[in-house]
Amino acid sequence: MPKALITGISGQDGSYLAESLLEDGFEVHGIVRRTSLEMQETKLSRIANVLDQLTLHPCSLESQTGLFEIVRTIKPDYLYHLGAQSFVSYGFEGEYATLDTNLGSTHALLSAVLKFAPHCRFYFASSSETFGNAESSPQNESTPFNPRTVYGVSKLAGFHLSKAFRENKEIHSCAGILYNHESPRRGKEYVTQKIISQAVAIHRGQAKEIRLGNLEARRDWGHAKDYVSAMRKITESEIPDDFVVASGHAHLVRDFCEKAFSLLDLNFDEFFKADPRFFRSSEKTPLCGDASKIKRLLDWSPTHDLDSIIEEMLDCEMARTSNELSR
Ligand code: GDP
């Protein structure tokens, strides 16, 4: 039975990945913070339905010796490094923690793989934030990187570390440069889940307005399940390489809002209030990915479009809140 180790297993992508690997007979290990084990109901809710099939190891991504020890003990066949300090700060708050944690954990895990499990296939979760203020759109694997945030810088450094271990140490190390990907498991700090939960609250008479920033911003949104299937194709390919994973369509935040509200028979403009707190200072180039390489070489293609993602997110939020109401 192949062994997989996942950092960030309790997040949106980690939870879908764990389910997908379990279905295929993998032995699945995950790294979680000790506090998450103590607060399972809130912190491990996304993996609650498979918890009894997982082996969880308490360790923070800041503890490089802890990460080393876990890799030494498990000797995984696959290591998916999805965990990170993910707050995309435009004001450079938390920049030390973001750089130290993201770069330090990636370096420790790659070094541990080299030392204790050199056969292991390593996946690094890079991000469209590495393109930042991109010179052109759509972006592909040849587009120059130009990160605009410390988070983007950390994801670019991780990308290059993973490439260096592949090219110089012959580790089967790959990176997915993933564009935004959403699902009912998305956190409310992201605009998609904020729109969905507020639309449902308005529909239920529990809220009167929705406060947002720039509605003219564009994002290339896909479904997290499709992007997890891309991660697996990337690591399971014989030739290690890096790939852009994207839908190829950039939609306005406004389009997302109008669609979600109209599905609940609400007129978005009646409830929208512009709020300067949610505007960002630099959003020049719309990020939109060109995923032709992964489509061509690994036969990946997305199975969800934005309308179906919005519908699924709304259905789940309606079900979740109606359970809450009936309690
Ligand atoms: P990310 O910035 O790509 O990590 O994803 P988000 O979901 O946080 O933001 C997507 C886009 O929505 C950005 O261009 C934001 O400027 C825009 N946006 C507009 N209003 C809001 C808001 O109230 N919250 C968030 N998070 N984003 C907003």
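Atoms within a ligand are numbered from 1 in the order they appear, just like the ligands themselves. Computed from a prediction, not measured in an experiment: that's the story for all the values here.
Residue contacts with ligand 1: Glu129 is placed with no nitrogen or oxygen under 3.5 Å of a nitrogen or oxygen of the ligand (distance criterion only). For ligand 1, one of its N or O atoms has an N or O atom of Gly213 under 3.5 Å away.
Under the 3.5 Å distance criterion, the side-chain polar atoms of Ser137 are matched with a main-chain donor or acceptor of Pro286.
In summary, the atoms of ligand 1 found under 4.0 Å from a heavy atom of Ala217, numbered by their order in the structure, are 14 (O). For ligand 1, the atoms sitting less than 4.0 Å from at least one non-hydrogen atom of Phe278 are 22 (C), 23 (O), numbered in the order shown with element in parentheses. Using a 4.0 Å cut-off to heavy atoms of Asn180, the atoms of ligand 1 that qualify are 1 (P), 3 (O), 5 (O).
Checking Asp275, Asn214, Val191, Leu252 against atom 24 (N) of ligand 1, the nearest heavy atom belongs to Val191. By heavy-atom distance, the residue among Lys188, Glu189, Glu182 lying nearest atom 26 (N) of ligand 1 is Glu189. The closest non-hydrogen atom to atom 8 (O) of ligand 1, taken over Arg219, Arg280, Arg277, Lys194, comes from Arg280.
A perpendicular orientation is assigned to the rings of Tyr227 and Trp300, their planes being inclined by more than 60° (bins at 30° and 60°).
Other residues, nucleotides and ligands contribute only 12 or fewer heavy atoms inside 6.0 Å of the NZ atom of Lys43.
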Sequence neighbours left out, cut at 3.5 Å: what donor-acceptor pairs do the side chains of residues 197-205 make with other protein atoms?
| residue | atom | partner | partner atom | Å |
| --- | --- | --- | --- | --- |
| Ser197 | OG | Gln193 | O | 3.1 |
| Ser197 | OG | Lys194 | O | 3.3 |
| Gln198 | NE2 | Glu209 | O | 3.0 |
| Arg204 | NE | Thr321 | OG1 | 3.0 |
| Arg204 | NH2 | Met318 | O | 2.8 |
| Arg204 | NH2 | Thr321 | OG1 | 3.1 |

Verdict with reasoning, His81 to Ser105, per side chain to side chain donor-acceptor pair (under 3.5 Å): CA-CA 9 Å; His81 182 29; Ser105 59; 3.2 Å; yes
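Ionic pairing of Lys208 and Glu270 is not present here: no N-O contact between side-chain nitrogen and carboxylate oxygen is shorter than 4.0 angstrom.
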